[in-house]
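Not measured: the values here are computed from a predicted model.
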Amino acid sequence: MRTALANISDLSDKQAEVIIDGKFSGLPDNLTPRIKDTDPRSGLRLGFKAAQITISAIRGEVQSYCYPISVTSAPTEAINQDKVSMGTISARKFAEQINLVYLQFATHLLAAMQAVDLAGYDDFSPFTKEVHDQVRKMSKFVKDDRPLDEDATKVAEWLKVTEIFG
């Protein structure tokens, strides 16, 4: 299950790259809103660049949990327990992976909703608009650079309980 989750995390990383990188999406690089070249902020905003790095970093951490913990077992208890399953450790690592993936998906979703705003909200399906409206209650459009960690945490917690995708 940990390997399957790592593959899903990897897919999210690749999909977020396609959304955030302007050469793939046709949107402004890093999902920064368009401004005039004469604007003092022109060329100084990072947009979702750090979010993309975060998504990739989480993917790497999620993948690092795929090592089979059972191979670290060693004889213990006067060699009475020669091979220990390490199942509880594996389950704990899986739980940590799940929480990381929720945070990764939340960051990915923030980027996707920024892309919806930049591409034109009216051109999307009713379902996408509904998701957008829910996310925008937790995180406003990113006009200028700002920390997104609290927004991503709110969205991750929402993802854990929402039935919108069910």
Side-chain angles (χ1 to χ4, degrees), residues 1-66 93-166:
M1 290 183 354
R2 289 186 285 131
T3 300
L5 195 55
N7 280 301
I8 292 168
S9 174
D10 186 53
L11 180 60
S12 172
D13 186 25
K14 289 173 173 63
Q15 289 173 339
E17 169 63 25
V18 170
I19 293 169
I20 295 169
D21 191 327
K23 70 179 169 274
F24 298 116
S25 69
L27 298 170
D29 282 335
N30 301 313
L31 303 175
T32 55
R34 292 178 178 92
I35 58 174
K36 295 181 180 182
D37 290 340
T38 56
D39 189 301
R41 298 169 297 155
S42 181
L44 298 178
R45 295 175 304 156
L46 299 175
F48 276 75
K49 182 183 289 275
Q52 173 63 45
I53 292 167
T54 298
I55 290 167
S56 293
I58 291 172
R59 181 220 16 97
E61 186 172 355
V62 167
Q63 287 179 336
S64 77
Y65 286 118
C66 290
K93 288 188 172 296
F94 185 54
E96 291 171 11
Q97 261 186 316
I98 290 169
N99 285 328
L100 284 168
V101 169
Y102 271 116
L103 186 58
Q104 178 185 8
F105 284 5
T107 307
H108 183 164
L109 193 55
L110 290 174
M113 296 305 99
Q114 181 85 0
V116 166
D117 286 325
L118 292 170
Y121 174 87
D122 293 334
D123 294 332
F124 287 88
S125 71
F127 175 75
T128 300
K129 290 177 182 177
E130 184 180 351
V131 171
H132 175 276
D133 294 347
Q134 291 297 316
V135 170
R136 283 293 175 246
K137 290 177 185 176
M138 297 169 271
S139 178
K140 301 297 179 204
F141 178 78
V142 179
K143 180 178 177 184
D144 290 308
D145 292 345
R146 62 182 171 81
L148 293 174
D149 56 321
E150 290 180 12
D151 294 11
T153 299
K154 287 178 193 172
V155 173
E157 292 305 313
W158 172 75
L159 285 172
K160 291 176 183 178
V161 298
T162 188
E163 295 182 13
I164 198 169
F165 299 103

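Remark: side-chain polar atoms of T153 are paired, donor with acceptor, to backbone N or O of D149 under 3.5 angstrom. In terms of modelled atom types and a separation under 3.5 Å, the side chain of T32 and the main chain of P28 share no donor-acceptor contact. Listed for the S56 side chain is a donor-acceptor partner under 3.5 Å among the backbone atoms of Q52. With hydrogens and angles disregarded, a donor-acceptor distance shorter than 3.5 Å links the side chain of R45 to the backbone of K143. A distance-only check finds no donor-acceptor pair linking the side chain of D13 to the backbone of S9 [under 3.5 Å]. Remark: side-chain polar atoms of T54 are paired, donor with acceptor, to backbone N or O of A50 under 3.5 angstrom.
Applying the ring-ring contact (aromatic ring centres under 6.0 Å, His included) test to residues at least two apart or on different chains, the pairs with a partner in residues 96-126 are Y121-H132.
A salt bridge does not link D29 with K23: none of the charged nitrogens is closer than 4.0 Å to a carboxylate oxygen. Of the charged side-chain nitrogens involved, none lies within less than 4.0 Å of a carboxylate oxygen, so that D133 and K137 do not count as a salt-bridged pair. The existence of a salt bridge linking D117 and R136 is confirmed by a sub-4.0 Å separation between a basic side-chain nitrogen and an acidic carboxylate oxygen. The residues E157 and K160 are annotated as salt-bridged, a charged nitrogen and a carboxylate oxygen being separated by less than 4.0 angstrom.
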Could you walk me through whether K140 and D151 satisfy the salt bridge (Lys or Arg N to Asp or Glu O under 4.0 Å) test, starting with their C-alpha distance in whole Å, then the side-chain angles of each, then the deciding distance to 0.1 Å, before giving a yes or no? CA-CA 9 Å; K140 301 297 179 204; D151 294 11; over 6 Å; no
Stepwise side-chain hydrogen bond (donor to acceptor under 3.5 Å, both in side chains) check, T128 with S125: CA-CA 5 Å; T128 300; S125 71; 3.1 Å; yes
Verify side-chain contact (heavy atoms from CB on, under 4.5 Å) between W158 and I164, making sure each step is shown before the conclusion. CA-CA 10 Å; W158 172 75; I164 198 169; 3.9 Å; yes
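Within 6.0 Å of CD in E96 there are more than 12 heavy atoms belonging to other residues, nucleotides or ligands.
Between Q134 and T162, every side-chain heavy-atom pair lies at or beyond the 4.5 Å cut-off. Counting only heavy atoms from C-beta outward, the side chains of I8 and L11 never approach each other to under 4.5 Å.
When each of L46, D21, I20 is tested with N30 by the rule side chain to side chain contact (heavy atoms under 4.5 Å, CB included), just one qualifies, namely I20. Just one residue in the list V142, L110, L118 forms a side chain to side chain contact (heavy atoms under 4.5 Å, CB included) with L31, and that residue is L118.
The minimum heavy-atom distance between D10 and R59, with the atom names listed, is OD1-CD, 3.1 Å.
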